[in-house]
Participant: 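Sharing a structure with you now.
Order of listing sets the numbers, starting from 1, for every ligand and every atom in it. Count residues from 1 along the sequence.
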Amino acid sequence: MSQFYWNGRPVSFRDGETLALALRRAWVKDFGPAAGGQQARYFCGIGQCQGCLVSVDGGAAVESCLTLARPDAVVTPGAF
Ligand code: FES
């Protein structure tokens with residue numbers, strides 16, 4: 001099993017697994033601040049709600065439910 005880093009914490013994932021699913025399996029429910037003062041989280045799972053935005057390796061915010069996990073990626077809350 002490979003791993004990426006969520007706020008510095010290693011998170012294991014399986015090949016073909018999205019960031020959101022791996023975070024969910026690791027019991028991470030709070031993905032950080034989101035637009036409108038909300039809490040980012042895994043909700044729709046299909047890229048529609050924009051509620052699961054995260055940053056990968058310092059890049060622009062992406063939907064964690066659509067983004068495949070990559071080994072050693074550094075994942076942090078989306079930029080809000
Ligand atoms: S959970 Fe809704 S866009 Fe990712």
Participant: Taking all non-hydrogen atoms of both residues, which atom of Leu53 and which atom of Ala40 are closest, and how far apart?
Facilitator: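 Distance-wise, the nearest heavy atoms are O-CB, 4.4 Å.
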Participant: Looking at CD of Gln48 and CD of Glu63, how far apart are the two atoms once the value is rounded to the nearest 0.5 Å?
Facilitator: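 Result: 9.0 Å between the selected atoms.
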Participant: Determine the sole option in Cys49, Cys65, Ser64 for which the side chain to side chain contact (heavy atoms under 4.5 Å, CB included) test with Tyr42 is passed.
Facilitator: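 Testing each of Cys49, Cys65, Ser64 against Tyr42, the sole residue satisfying side chain to side chain contact (heavy atoms under 4.5 Å, CB included) is Cys65.
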Participant: For residues Phe31 and Thr76, determine if any side-chain heavy atom of one lies less than 4.5 Å from a side-chain heavy atom of the other.
Facilitator: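 No. Closest side-chain heavy atoms not under 4.5 Å.
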Participant: Any side-chain heavy atom of Val28 sitting closer than 4.5 Å to one from Trp6?
Facilitator: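 Yes. Closest side-chain heavy atoms under 4.5 Å.
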Participant: Out of curiosity, Arg41 CZ to Lys29 NZ, how far, rounded to the nearest 0.5 Å?
Facilitator: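 The CZ atom of Arg41 sits 11.5 Å away from the NZ atom of Lys29.
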Participant: Show all protein N/O/S atoms under 2.8 Å from atom 4 (Fe) of ligand 1, or state that there are none.
Facilitator: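 Only Cys52 SG, Cys65 SG fall inside 2.8 Å of atom 4 (Fe) of ligand 1.
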